[in-house]
Amino acid sequence: MAAMITRRLPDTADLTTVATRLAGDLVALGDHVPDTDWLILGGSLARGEPSWIRFHQDQRQLISDLDLLYVSSGETPTTLISQLRTDAEKRFPTVDLMTLPLRDYRTVTTSLGYDFKNLGVPLTPHGLPEHNSVRLDDRDAYEILLYYIQAYYWHRLNYRWQTGLDSIQFHLLVNRLCMKVLRSTAMLERGAYAHHDFDRMAPHLAEQMRAELAWRADPRQPPLEPSRFWGYVHDAFRRFDFAFGGPRPDAVRLSRYANTSSGQIIARHQKRVSELAREVAAAWVSNPRLDKIGTVERATWSRVTGWAGTQQQPGPASYFAKHRREIHDHLLAMKVQVAA
């Protein structure tokens with residue numbers, strides 16, 4: 001298990017102790033699950049490229065999320081999910097635990113299905129449920145791009161950048177989202193999926209990804225310029241527009257998810273972030289002045305939302321923070337509803 005979850009990292013010899021401890025914690029979580037159900041590991045750990053950072057005296061600290069999927073043979077899990085989540089949160093910094101009945105697990109595709117089928121690591125001894133492998137396409141890559149631009153806003157990174165609220169946590173978040181934007185762009189061009197798929201990335205993307213990974217490994221270094229996020233976003237939109245034959249307002253339209261109720265909710269949120277981010281990224285690339293970005297953002301957000309009131313409207317950070325759970329839940333729901 002320790003070798004599996006670190007297989008893409010270049011310095012695994014230095015990680016033997018922490019990786020072995022992490023593997024033991026993962027196996028212990030699987031011990032809570034009965035033989036009728038499954039617990040599957042996804043995300044960066046399943047890809048074999050979790051992030052540990054160096055801090056005091058070169059000690060290592062895991063900062064990757066723990067992405068888990070509990071698959072139940074019946075309609076509901078046999079295990080008490082709240083207890084499983086509590087146990088996981090005692091061992092890991094951030095836990096995202098989803099549940100699906102077996103029927104829906106076999107149906108789900110997109111990057112979620114790819115993570116938990118093609119790359120999924122079983123934490124229960126009876127392996128993965130029977131399933132078909134998932135093939136990703138340009139729409140899946142675009143969905144990832146828009147999701148993490150929304151995350152940029154719900155983490156209020158725009159406000160923190162524009163007001164100079166600087167911290168290691170801020171730079172780690174910007175770094176994480178920069179890597180997500182680069183990965184979505186690399187998926188589009190050559191089918192890269194992992195952050196370390198350098199041989200499947202365009203040379204400039206591989207160079208940018210290496211720089212992000214190098215800083216992330218030791219954030220005690222001077223931080224990278226946070227405005228790079230918008231340069232990456234601008235380049236991503238340009239490349240997706242070329243692939244699609246023009247700007248696409250969301251990743252739902254023209255797909256099999258377009259007629260689902262959850263898909264329509266997701267499309268509305270994606271359309272707003274797409275219009276906003278295109279304007280902000282273009283403004284920054286053409287005139288990289290921090291005092292102008294806030295003006296462009298406010299004007300674009302008013303146009304996107306159709307706000308005509310006299311009182312100050314909630315900005316995009318408040319909007320996406322408010323709808324964060326809705327976006328997360330309906331992204332999962334639309335991928336199940338398509339088979340209904």
Side-chain angles (χ1 to χ4, degrees), residues 1-9 11-52 60-136 193-197 328 331-333 335-336 339:
M1 178 67 76
M4 171 70 72
I5 61 178
T6 58
R7 66 189 183 278
R8 305 299 303 274
L9 300 180
D11 55 351
T12 53
D14 295 339
L15 296 171
T16 301
T17 301
V18 291
T20 301
R21 186 185 308 123
L22 175 62
D25 288 341
L26 291 170
V27 171
L29 289 176
D31 290 341
H32 291 277
V33 180
D35 292 343
T36 55
D37 293 350
W38 297 263
L39 186 64
I40 307 171
L41 176 68
S44 63
L45 287 160
R47 294 195 305 270
E49 53 178 9
S51 293
W52 275 279
R60 300 280 191 143
Q61 177 181 344
L62 180 71
I63 58 170
S64 291
D65 294 351
L66 178 65
D67 295 301
L68 296 172
L69 178 65
Y70 187 108
V71 179
S72 57
S73 55
E75 287 299 311
T76 57
T78 306
T79 303
L80 185 61
I81 293 299
S82 60
Q83 184 59 55
L84 182 61
R85 187 189 307 277
T86 298
D87 290 343
E89 289 173 345
K90 291 177 181 176
R91 296 178 169 94
F92 298 92
T94 306
V95 176
D96 187 3
L97 173 58
M98 298 173 285
T99 63
L100 282 177
L102 179 58
R103 177 195 65 247
D104 292 343
Y105 171 79
R106 288 175 171 158
T107 298
V108 72
T109 57
T110 74
S111 60
L112 179 68
Y114 193 90
D115 255 21
F116 290 105
K117 293 178 180 178
N118 298 41
L119 300 178
V121 176
L123 300 182
T124 40
H126 43 287
L128 297 177
E130 183 181 351
H131 64 275
N132 294 321
S133 295
V134 173
R135 293 187 62 183
L136 299 176
Y193 191 73
H195 296 145
H196 289 78
D197 281 343
H328 180 280
L331 265 175
L332 176 59
K335 295 165 187 180
V336 174

What's the shortest heavy-atom distance between P50 and I5, and which atoms? CD-O, 2.8 Å
Side chains of L119 and Y193: does their closest heavy-atom pair fall under 4.5 Å?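 A side-chain contact exists here, since the closest heavy-atom pair is under 4.5 Å.
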Charged N-O contact under 4.0 Å between D197 and R8: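 Counted as a salt bridge, because a side-chain N and a carboxylate O are separated by less than 4.0 Å.
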Quick one: closest heavy-atom pair of I40 and G120, and the distance? CG2-CA, 3.8 Å
Taking it one step at a time, do M98 and D96 satisfy side-chain contact (heavy atoms from CB on, under 4.5 Å)? CA-CA 7 Å; M98 298 173 285; D96 187 3; 4.0 Å; yes
CD1/I63 to OG/S44 distance, rounded to the nearest 0.5 angstrom?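 Result: 9.5 Å between the selected atoms.
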In terms of relative ring orientation, are Y105 and H131 parallel, tilted or perpendicular, with 30° and 60° separating the classes?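 Y105 and H131: perpendicular rings.
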Out of S73, S72, P77, which one pairs with P101 under the side chain to side chain contact (heavy atoms under 4.5 Å, CB included) rule?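 Among the candidates, only S72 passes.
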Who passes side chain to side chain contact (heavy atoms under 4.5 Å, CB included) against T94, sequence neighbours left out? D65
Just to verify, what does R91 make a side chain to side chain contact (heavy atoms under 4.5 Å, CB included) with, not counting sequence neighbours?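 R91 satisfies side chain to side chain contact (heavy atoms under 4.5 Å, CB included) with D25, A28, L29, D87 once adjacent residues are dropped.
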Please walk me through it: do W52 and L22 pass side-chain contact (heavy atoms from CB on, under 4.5 Å)? CA-CA 11 Å; W52 275 279; L22 175 62; 3.6 Å; yes
Minimum heavy-atom distance between Y114 and V134, given as atom pair plus value: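 Smallest heavy-atom distance, with atoms named: CD1-O, 3.5 Å.
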Taking side chain to side chain donor-acceptor pair (under 3.5 Å) as the criterion, tell me which of T124, T99, D37 meets it with Y70.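 One option only clears the test, and that one is D37.
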Can you name the side-chain hydrogen bond (donor to acceptor under 3.5 Å, both in side chains) partners of R106, sequence neighbours left out? none
Go through it in stages, so that I can follow the logic: the residues are L39 and T79, the test is side-chain contact (heavy atoms from CB on, under 4.5 Å), and I'd like the CA-CA distance, side-chain angles, deciding distance and then a yes or no. CA-CA 10 Å; L39 186 64; T79 303; over 6 Å; no
Grab the two heavy atoms, one from H32 and one from L84, that are nearest each other, plus how far apart they are. CB-CD1, 4.1 Å
Please round to the nearest 0.5 Å and tell me the distance separating atom CG of L102 and atom CD of E130.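 Going from CG on L102 over to CD on E130, the span is 9.0 Å.
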Using modelled atom types and a 3.5 Å cut-off, is there a donor and acceptor pairing between side-chain atoms of D115 and backbone atoms of G43? yes
Side chains of V18 and L62: does their closest heavy-atom pair fall under 4.5 Å? no
What distance separates T107 OG1 from L100 CG, expressed to the nearest 0.5 Å? 9.5 Å
Between CE of M4 and CG of L26, what distance do you get to the nearest 0.5 Å? 12.0 Å
Between atom NE2 of H195 and atom CG of L9, what is the distance when rounded to the nearest 0.5 Å?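 Between H195 NE2 and L9 CG, I get 11.5 Å after rounding to 0.5 Å.
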Whether the side chain of S64 engages the backbone of S51 through a donor-acceptor N/O pair (distance < 3.5 Å, no angle test) should be reported.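 Yes, because the side chain of S64 sits within donor-acceptor range (under 3.5 Å) of the backbone of S51.
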D14 atom CG: more than 12 heavy-atom contacts under 6.0 Å: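 More than 12 heavy atoms, drawn from other residues, nucleotides or ligands, come within 6.0 Å of this atom.
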If I compare all heavy atoms of A19 with all of T6, which pair ends up nearest, and what's the gap? CB-CG2, 3.8 Å
Exam field: side chain E49 to backbone A194, donor-acceptor pair closer than 3.5 Å: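 No; zero donor-acceptor contacts below 3.5 Å.
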To the nearest 0.5 Å, what is the distance between CZ on R60 and CG on L15?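 The CG atom of L15 is 4.5 Å from CZ of R60, to the nearest 0.5 Å.
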Testing the basics here: between L45 and R7, what is the closest heavy-atom pair and its distance to 0.1 Å?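 That closest heavy-atom pairing would be O-NH1, 4.5 Å.
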